[in-house]
Amino acid sequence: MSGWQQDKSFQGLAAKFARNIYGTPKGRLRLKILRDRMLAELPLDEAPLLVLDAGGGLGQISAWLARKGHQVLLAEPAEEMLDYAARRLRRSGVQTLPASIQQLAEQLPENQQTFDLVACHAVLEWLYQPRATLEELLPRVKAGGWLSLMFFNADALLFTNVVRGNWQRALDGNLQGKGKGSRLTPISPLQPLEVISWLEAAGFAIHGKTGVRVFNDYLRLQLPPEARGERLLQLEKKYCQQEPYWRLGRYVLLHAQKN
């Protein structure tokens, strides 16, 4: 990790995160695909679930799950993120906990250590030790429960840099961020098949593999007239789970059930 050995902190970056990640067409596309696959692959329309949104950031997924009738706890270590989330969650019934994944075992109530569904979206790539941290999170999923895990795809990062002409960086393999300042390049992009192997080794069965933004981030600057937002969404939904396209999604979303 080129000497950088700390998790990325988003304290002081909430406004930039909201603007650059979620306040853009690509951010809204990410949320649409994420919600679509969660609805299709998780038991969200059955009995109300007890949900942990680990590293839930600005609270978009927490608020959405709460509106669907589920009991949600949003855990987020950056206080400024929680302040932003609180405005969205004011009337949703979502509880918040100022804690990182590494702090959950100590800070969760003794009678609420496991959950029917644990969501962890776009968190691992900002951690210095993503596998070790994931292994601290997996015990929070109860037996028979579900994990919704989305992470930044190292393969997509390489491909994007080649397309953009950053060939020397691609040859050097020096693509990850350093975690410093206000830059939003992840410090630990992950290989999809490696993460799948981690989950299977921990006793999880993979039920869904989705590439999130499999085309959007590679599009040319000059697009034909038919390149409208709804057409792109159709393309993304059609191919996001097909080989080989899902493997090049900017993010990879995995849904897994604990045995």
Side-chain angles (χ1 to χ4, degrees), residues 17-76 81 84-96 115-125 137 141 145-153 156 192 195 199 206-217 228-242 245-257:
F17 197 83
R19 181 178 65 251
N20 291 11
I21 301 297
Y22 290 110
T24 62
K26 67 180 182 180
R28 291 188 286 272
L29 178 60
R30 183 175 100 174
L31 278 175
K32 287 177 182 177
I33 297 296
L34 175 57
R35 291 169 179 169
D36 181 74
R37 297 321 307 165
M38 290 182 75
L39 281 172
E41 296 171 352
L42 300 175
L44 298 183
D45 291 328
E46 299 177 11
L49 303 177
L50 184 61
V51 180
L52 170 65
D53 189 2
L58 301 178
Q60 289 91 340
I61 290 297
S62 287
W64 176 70
L65 288 169
R67 289 195 299 270
K68 296 188 70 61
H70 303 292
Q71 183 180 342
V72 183
L73 173 65
L74 186 159
E76 169 57 50
M81 287 284 194
Y84 267 68
R87 302 167 195 168
R88 174 177 286 107
L89 304 176
R90 187 172 293 115
R91 299 182 181 179
S92 68
V94 173
Q95 295 180 313
T96 60
F115 297 80
D116 302 305
L117 169 64
V118 172
C120 183
H121 299 146
V123 176
L124 292 187
E125 61 263 28
L137 180 65
V141 184
W146 291 86
L147 174 71
S148 179
L149 180 68
M150 186 174 73
F151 54 89
F152 194 86
N153 182 0
V195 178
L199 294 179
I206 308 298
H207 285 260
K209 297 177 290 189
T210 301
V212 179
R213 300 205 318 254
V214 299
F215 300 121
N216 179 86
D217 292 31
R228 301 185 301 273
E230 62 270 19
R231 271 290 176 85
L232 177 59
L233 181 60
Q234 288 177 341
L235 283 169
E236 295 278 357
K237 285 186 174 182
K238 181 172 182 178
Y239 293 106
C240 67
Q241 293 193 303
Q242 292 191 29
Y245 309 108
W246 75 267
R247 296 171 184 264
L248 282 178
R250 189 68 159 183
Y251 296 84
V252 169
L253 172 67
L254 302 176
H255 285 143
Q257 188 173 26

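Below, each value reflects all heavy atoms present in this structure, side chains not excepted, and no hydrogens, waters or symmetry copies.
The heavy-atom pair separating V123 from G55 by the smallest distance is CG2-O, 3.5 Å. Closest heavy-atom contact between E76 and G57: OE1-N, 3.0 Å. Closest non-hydrogen pair, C240 versus V214, comes out as CA-CG1, 4.2 Å.
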**Item:** Worked check of side-chain contact (heavy atoms from CB on, under 4.5 Å) between V212 and L34
**Value:** CA-CA 7 Å; V212 179; L34 175 57; 5.7 Å; no
**Request:** Dump the intermediate steps for side-chain contact (heavy atoms from CB on, under 4.5 Å) on L29 and L233, then the final yes or no.
**Result:** CA-CA 7 Å; L29 178 60; L233 181 60; 3.6 Å; yes
**Request:** Test L149 against L199 for side-chain contact (heavy atoms from CB on, under 4.5 Å), laying out the working first.
**Result:** CA-CA 10 Å; L149 180 68; L199 294 179; 4.2 Å; yes
**Asked** When you look at I61 and L31, which way does the side-chain contact (heavy atoms from CB on, under 4.5 Å) test go after all the steps?
**Response** CA-CA 8 Å; I61 290 297; L31 278 175; 4.2 Å; yes
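Two residues are said to be in side-chain contact when any heavy atoms from C-beta on lie closer than 4.5 Å; Q60 and R30 fail this criterion.
Under the side chain to side chain contact (heavy atoms under 4.5 Å, CB included) test applied with L52, the options L117, V141, V118 reduce to a single match, V118. Checked against L253 for a side chain to side chain contact (heavy atoms under 4.5 Å, CB included), the options Q241, K209, M150 give a single hit: M150. Residue Y251 is tested with F151, F152, W246 for a ring pair (Phe, Tyr, Trp, His ring centres under 6.0 Å); the sole match is F152.
Separation of atoms CG (D36) and CD (E236) is listed at 11.5 Å; rounding is to 0.5 Å. From R37, atom CZ reaches atom OG of S148 across 11.5 Å, with rounding to the nearest 0.5 Å. Atom NE2 in H207 sits 11.5 Å away from atom CG in L147 (nearest 0.5 Å). Note: L39 CG to D45 CG = 6.5 Å, rounded to the nearest 0.5 Å. Residue Q95 holds its CD atom at 11.0 Å from OG of S62, rounded to the nearest 0.5 Å. The CG atom of L248 sits 11.0 Å away from the CG atom of D217 when rounded to the nearest 0.5 Å.
In this structure a side-chain-to-backbone donor-acceptor pair under 3.5 Å is missing from D116 to G145. N153 places a side-chain N or O within donor-acceptor distance of the main-chain N or O of G249, the cut-off being under 3.5 Å.
The aromatic rings of F215 and Y245 sit tilted, their planes meeting at an angle between 30° and 60°.
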Under 3.5 Å, sequence neighbours excluded: what are the donor-acceptor pairs made by side chains of residues 64-74?
unit_1 : atom_1 : unit_2 : atom_2 : d
H70    : ND1    : L49    : N      : 2.9
H70    : NE2    : L44    : O      : 2.9

Less than 3.5 Å apart, which donor and acceptor atoms pair up between the side chains of residues 87-94 and the rest of the protein, not counting sequence neighbours?
unit_1 : atom_1 : unit_2 : atom_2 : d
R88    : NH1    : L58    : O      : 2.5
S92    : OG     : L89    : O      : 2.9
S92    : OG     : V94    : N      : 3.2

